[in-house]
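Every chain is numbered from 1, with letters handed out A, B, ... down the list of sequences. Only a predicted model underlies this, so the values are computations on that prediction, with no experimental measurement involved.
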Protein chains: 2
Amino acid sequence: MAKKASVRDVRRSNRALLLRRLVLAGETSRSDLGAATGLSAATVTNVVAELIDEGTVNETGFLNSAGGRRRVLLHVDPDAAYVFGSDVSESQVTTCLFGLTLTRLASRATRFTGRRIDPARVGEIVAGQVAELLAEAAVDPARVLGLGLGVPGVVEHPATPDAVVHADVIGWDTAGFGWLEAALGIPVLVDNGAKTTTQAESWYGSARGAEHAIVALIGDGAGAGIITNGRLYRGASSGAGEWGHTKISLTGPACRCGSFGCVESIVGASAVLRSWRGADEFAGREPLGVEALLDAYRNGDSAAVRALDEATQHLGLALANLVNLYNPEKIIVGGWFGDLIARDRPEELRAAVRRFSLKQPGEQAVVERSQLGMDAVTLGAATLPVDRFIETGLIPSTA
Amino acid sequence: MAKKASVRDVRRSNRALLLRRLVLAGETSRSDLGAATGLSAATVTNVVAELIDEGTVNETGFLNSAGGRRRVLLHVDPDAAYVFGSDVSESQVTTCLFGLTLTRLASRATRFTGRRIDPARVGEIVAGQVAELLAEAAVDPARVLGLGLGVPGVVEHPATPDAVVHADVIGWDTAGFGWLEAALGIPVLVDNGAKTTTQAESWYGSARGAEHAIVALIGDGAGAGIITNGRLYRGASSGAGEWGHTKISLTGPACRCGSFGCVESIVGASAVLRSWRGADEFAGREPLGVEALLDAYRNGDSAAVRALDEATQHLGLALANLVNLYNPEKIIVGGWFGDLIARDRPEELRAAVRRFSLKQPGEQAVVERSQLGMDAVTLGAATLPVDRFIETGLIPSTA
DNA sequence: CATATATATTTTGGACTATAAACTAATGTC
DNA sequence: GACATTAGTTTATAGTCCAAAATATATATG
């Protein structure tokens, strides 16, 4: 149901509209803001004055005029607030410190020795990294907006600090990070890593400006994020968009999620390698295996050609299901394995998507390569607290 | 992107909130409205006064009190406006006249002799039915909000009068109904039949009150509608939610859409009958065939048991994909064949959905039978103009 | 039956909003 | 230097919700 609205909501919404544009555009002027948002010049003046008073925005010079008063340059003060973004993967935890404009200021990575790391240990590592980065950058903790955490697995209610994380794949059942928030003294927002990457692509990557887009990430596994009406789609309790474990085969191979026929178990790198060699020859060193596969493919090895052709067709089919269900303007293909397919066989992939989707949505969907690299997870995670700041306007110290 | 907001939007949004509740609740009071929406008593008084002035709402008596001033009964005047809803199927066109409260006042149905009816002919039939119903009910055409049209196939931009309809299945390529709007002199809103049914289930059926729900309709074919944040999900250009033609098999049987492995071609009634008998024995009279199948099943016929078991599993898998992607609170299963499965084998279906979906979203999704019958298409179609009236507040004569 | 109590609704006054229109500021052109 | 042009600010106004006070109308109770 829609919620009741009041005049205050109007201001919050328009302030968010302007601040979002200020953050994303980097540098603008009041008249640009008015033209871009449709708000009257008076309102722009009013809201911008508020943002300048707060210290969020600065006037930093003038734009040359071609007849008429010069426009005053506005930009978000990168030191007005700071934010952390963490990428928790199966073998490594990376945390970066960003300014309010989401420029990366510093970074820390910690690799694991064994597998099956538990949530508490991850929390400790992140807390340590945050402390180190704070010291290194000499940042006032009171100016930190929060920490965004991109994790593998399904995350319920990422807006709440004590989000419940289900990640059977790496052995977490239901882990919460509320204690981490208490320990760090800053807000912690948790979300699925594919979703944070999607957020990054939506703010700064190939999905920029798209109202309806899909970001499909294929590595060893497969995940996706869905942008709907310009925003990340999360469903009833945020566990939406779990494309990697939708089924595209009634009989297919077993998946590590316990089921079978999942997209991940058919188009993921290890699955494709297995179908090429018929055995788990490259277990644990899939990137090497994929290099070998691509070499063989380029040399015309018939098994390699068949394996890659099939992988492309199956990926196209799995993406076509998303096209039929979400009718996106754009599909961004990424992840280390997905990126290779999108780079080396873009036309085959496009054709496969069109082939398996309905005519109308299929023709409307543009398939593109991801623009952001592996850093997208931390960047996207960092957008979570920034997004909340933009929407609610909570000043760090009062958050 | 979010749009700019102004104080007027606040009123429009709150007015819509109250009017929607008035339409759906049937009968309420000002204090109920305040409690339900969170709006202050003053605002409720204010907005309700406006609605009464307009003639949309009436005061119709009092509610007995148990100490304190009596509540004044409010309800939407069913004769304040009228609306038509049409169901265009492959063999029949049905149009009903409704009051503003969506009570069915009169109805007309026209069957086709041959197959492949063209859009122009459908428009003519609908126009004739509308004229007859107007005369029969002696309704002032100026008080008609519009006509909602539920059609098979993909509909682009159903909000615009000249929506483009793609319905390969019944031989329409791109048909528009803008001319019908001109001919009738009332707004025409077109949408896919599964989507209008979903809207009906959301307003008056099993999905009532659910913020995130899926309505899956399985007859001879299969279609679905998706409710997200309390509203029907339509994607970039409305062609979203085409579940019936998502693929769940890499090799599966050919589908009438030209592809293969589609949900529709695996769990649709004719597909199941074919898998039971191994041939198209019941083509054109599938309902009879399904009766025979159910009889055989109850008598323990092993082929029938296997066919129905498989159909239930496959339907569960196809629904599980939606569960993973949309994380709904509820799944409503309907359509004449889907309803039989949901009626006769509810537990098997629930188990199959859980089995093929991820743990967290799978446990949250409740599987239920549809409550509305075949009339849901016309009812849902009629909600389209009513919904627009609620949101925009356009009076019929000025629309 | 007078009074107290309870609930529903309306009236009043205040706090906020956006915006149109008038106004000020600063630049380039002729 | 007069004028046109563009940017931004100030002012006046209309519209919004809401808290609080006022009013209306019930039941309960001695």
Side-chain angles (χ1 to χ4, degrees), chain A residues 2-19 21-22 25 27-54 57-75 392-393, chain B residues 2-19 21-22 25 27-54 57-75 392-393:
Chain A
K3 266 299 282 173
K4 71 160 177 169
S6 92
V7 282
R8 298 285 187 83
D9 299 317
V10 174
R11 181 53 150 263
R12 193 156 36 71
S13 147
N14 285 339
R15 182 198 138 107
L17 190 63
L18 291 170
L19 184 49
R21 190 163 177 94
L22 276 158
E27 224 173 35
T28 26
S29 66
R30 289 178 178 81
S31 72
D32 288 347
L33 286 173
T37 60
L39 287 166
S40 71
T43 301
V44 173
T45 291
N46 205 342
V47 174
V48 168
E50 200 175 285
L51 293 170
I52 290 177
D53 272 359
E54 267 177 37
V57 168
N58 288 331
E59 296 185 333
T60 57
F62 297 94
L63 221 57
N64 281 336
S65 135
R69 176 173 170 175
R70 293 172 302 178
R71 283 170 291 178
V72 178
L73 273 179
L74 300 173
H75 73 100
T392 66
Chain B
K3 266 299 280 174
K4 71 160 179 169
S6 92
V7 283
R8 297 286 187 82
D9 299 319
V10 174
R11 180 51 153 262
R12 193 157 37 72
S13 147
N14 285 338
R15 182 197 138 107
L17 190 64
L18 291 170
L19 184 49
R21 192 166 174 91
L22 275 158
E27 224 174 35
T28 26
S29 66
R30 290 179 179 81
S31 71
D32 288 347
L33 286 173
T37 59
L39 288 165
S40 71
T43 300
V44 173
T45 291
N46 204 342
V47 174
V48 168
E50 200 175 285
L51 293 170
I52 290 176
D53 272 359
E54 268 177 36
V57 168
N58 288 330
E59 295 186 332
T60 56
F62 297 93
L63 221 58
N64 281 337
S65 138
R69 175 171 171 177
R70 293 172 302 178
R71 284 169 292 178
V72 179
L73 272 179
L74 299 173
H75 73 100
T392 66

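A distance of 6.5 Å separates CG of A:L22 from CG of A:L74, quoted to the nearest 0.5 Å. Rounded to the nearest 0.5 angstrom, B:R15 CZ and B:L51 CG are separated by 5.0 Å.
Side-chain proximity of A:V7 to C:dT19, C:dT11, D:dT16: nearest is D:dT16.
A:S31 has a side-chain polar atom (N or O) that falls below the 4.0 Å cut-off from OP1 or OP2 of D:dA7. Within the structure, a side-chain polar atom (N or O) of B:R30 is placed less than 4.0 Å from OP1 or OP2 of C:dT10. Contact check, A:S65 against D:dT6: no side-chain N or O comes under 4.0 Å of OP1 or OP2. Put simply, B:T43 has a side-chain N or O that comes within less than 4.0 Å of OP1 or OP2 on D:dC18. In this structure, B:N14 reaches the D:dC17 phosphate: one of its side-chain N or O atoms is under 4.0 Å from OP1 or OP2. For C:dA18, neither phosphate oxygen OP1 nor OP2 lies less than 4.0 angstrom from any side-chain nitrogen or oxygen of A:S40. In this model, the phosphate group of D:dC17 is approached by a side-chain N or O of B:R11 to a distance below 4.0 Å at OP1 or OP2. Contact annotation: B:R69 does not reach the phosphate of C:dT9 (side-chain N/O to OP1 or OP2, under 4.0 Å).
Computed from coordinates, the B:L63 CG to C:dT7 C1' distance equals 12 Å when rounded to whole Å. Remark: P of C:dT9 and CD of B:E50 are 18 Å apart, rounded to the nearest angstrom.
Place A:A41 and A:A66 on DNA chain D by their nearest nucleotides, and A:A66 ends up nearer the 5' end. Judged by closest nucleotide on DNA chain D, A:R70 is the one of B:L39 and A:R70 placed further toward the 5' end.
The two residues B:K4 and B:D9 have their closest heavy-atom pair at O-OD2, 3.9 Å.
Screening A:T60, A:N58, A:D32 against A:L73 for a side-chain contact (heavy atoms from CB on, under 4.5 Å) leaves a single residue, A:T60.
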